[in-house]
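These numbers come from a predicted model, not from an experiment.
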Amino acid sequence: MNRIKPYSIVIFVACIAITYALVQNFIIDPEAKGFLSHKSDYNKERMNTSIWLTVMYVHLFFALIALVCGVANFSDKLLAENRKLHKVTGYVYLFSVLGVVVTSGYMAPYVTGGKVASWPFHLLNIIWPAITITALVKIKKRQVMKHKEWMVRSFVFLFTNMLIHLVKLILEKVAGLPYELSYTIAVYVAMIGLVVTAEMIIRTKLRALMKKSSNKI
């Protein structure tokens, strides 16, 4: 029986994330009324809903582009057959991450849960570009293994929103916690969980694959 390849899992999870984002934001709640209804009165008074929605859709656009480019760049076949395209999609990925971070910087102060929930987003907006640029620096130095490791650390954060809402749903519907508290806890659980997941992937699957490849040389 053939084992499921790690790259197939990456594609599968990415497809789930893309489908979730498109269905949630363009079919179920295109104006984010359900999500915005949980904002505090203080945030509702401060924020311009029209501008927030525009920024949110720009944020979503960059996130989806980054997700597609990230998946493409983990393809060994693409790297082997078209290094130029791999390089181009890599730079598009970097630019898209910066777009996600800039738009997130606007939305973070209005996040559900107030300042306690916004702190992780502010921190992420600092470390995510740093991680992604580190990946670029590593490949410029021809440190392929290190480049892939830092790309894994960067790529996992594209699943932040989906994981936050999944954890929030469990805490709210199963544990019976209030929406705002569920969302706040979910923010921390998701971000810490993604960091741990990245390190687990690097220390197990990625390094095993690299070792296997080196043995073939």
Can Phe74 and Leu79 be said to form a side chain to side chain contact (heavy atoms under 4.5 Å, CB included), step by step? CA-CA 8 Å; Phe74 278 111; Leu79 177 60; over 6 Å; no
Go through the steps for Ile18 and Val68 under the test side chain to side chain contact (heavy atoms under 4.5 Å, CB included), then give the verdict. CA-CA 9 Å; Ile18 292 171; Val68 171; 4.1 Å; yes
Trace of the side chain to side chain contact (heavy atoms under 4.5 Å, CB included) decision for Val187 with Tyr183: CA-CA 6 Å; Val187 169; Tyr183 185 87; 3.7 Å; yes
Residues Tyr110, Val55; criterion side chain to side chain contact (heavy atoms under 4.5 Å, CB included); working and verdict: CA-CA 12 Å; Tyr110 307 109; Val55 173; over 6 Å; no
Evaluate Asn161 against His165 for side chain to side chain donor-acceptor pair (under 3.5 Å), listing each step before the verdict. CA-CA 6 Å; Asn161 185 63; His165 286 281; 3.3 Å; yes
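Here the closest non-hydrogen pair linking Ala14 and Leu67 is O-CD2, 3.8 Å. Across all non-hydrogen atoms, the minimal contact from Pro129 to Val101 is CG-CG2, 3.7 Å. The shortest non-hydrogen separation linking Ala190 to Thr160 is CB-O, 4.3 Å. Met162 and Ala17 make their closest contact through SD-CA, 3.5 Å (heavy atoms, listed as atom of the first residue, atom of the second, distance). Closest heavy-atom contact between Ile131 and Ser154: CG2-N, 3.7 Å. Closest approach of Ala198 to Val152, counting heavy atoms only: O-CG1, 3.9 Å.
Counting only heavy atoms from C-beta outward, the side chains of Trp150 and Arg153 approach each other to under 4.5 Å. At a threshold of 4.5 Å between non-hydrogen side-chain atoms, the residues Thr112 and Tyr179 count as touching. Residues Val102 and Val58 are not in side-chain contact: their nearest non-hydrogen atoms beyond the backbone lie 4.5 Å or more apart. Proximity of Met56 to Asn25: side-chain heavy atoms (C-beta onward) are separated by under 4.5 Å at one or more points. With a 4.5 Å cut-off on side-chain heavy atoms, Leu166 and Tyr20 do not count as touching.
Between the side chain of Ser75 and the backbone N or O of Val71, no donor-acceptor pair lies under 3.5 Å. Between the side chain of Asp29 and the backbone N or O of Gln24 there is no donor-acceptor pair closer than 3.5 Å.
In this structure, Phe35 CZ and Ile28 CD1 are separated by 14.5 Å, a value rounded to the nearest 0.5 Å. Note that the NZ atom of Lys173 and the NZ atom of Lys168 stand 7.0 Å from one another [nearest 0.5 Å]. Within the model, atoms CD of Glu172 and CG of Leu181 stand 10.5 Å from one another, a figure rounded to the nearest 0.5 Å. Expressed to the nearest 0.5 Å, how far CG of Leu136 lies from OH of Tyr91 amounts to 5.0 Å. For the atom pair CZ (Phe157) and OG1 (Thr197), the distance works out to 10.0 Å, reported to the nearest 0.5 Å. Here the CG atom belonging to Asn125 is positioned 9.5 Å from the CD1 atom belonging to Ile127, to the nearest 0.5 angstrom.
Criterion: ILVMFWY side-chain heavy atoms under 4.5 Å apart, direct or through other members. Under it, Ile126 and Phe62 are not part of a common hydrophobic cluster. Taking hydrophobic clusters as Ile, Leu, Val, Met, Phe, Trp and Tyr residues chained together by side-chain heavy-atom distances below 4.5 Å, Ile16 shares a cluster with Val167. Val88 and Leu78 fall into different hydrophobic clusters, where Ile, Leu, Val, Met, Phe, Trp and Tyr residues are linked whenever their side-chain heavy atoms come under 4.5 Å apart, directly or through other members. A continuous path of Ile, Leu, Val, Met, Phe, Trp and Tyr side chains, each step under 4.5 Å between heavy atoms, connects Leu177 with Val189, placing both in one hydrophobic cluster. Transitive grouping of hydrophobic side chains (ILVMFWY, heavy atoms separated by less than 4.5 Å) brings Ile164 and Val13 into a common cluster.
Taking the six-membered ring where tryptophan is involved, the planes of Phe159 and Phe155 are perpendicular, since the angle between them exceeds 60° and thus also 30°.
None of Lys141, Lys138, Lys140 except one satisfies the side-chain contact (heavy atoms from CB on, under 4.5 Å) rule with His147; the exception is Lys138.
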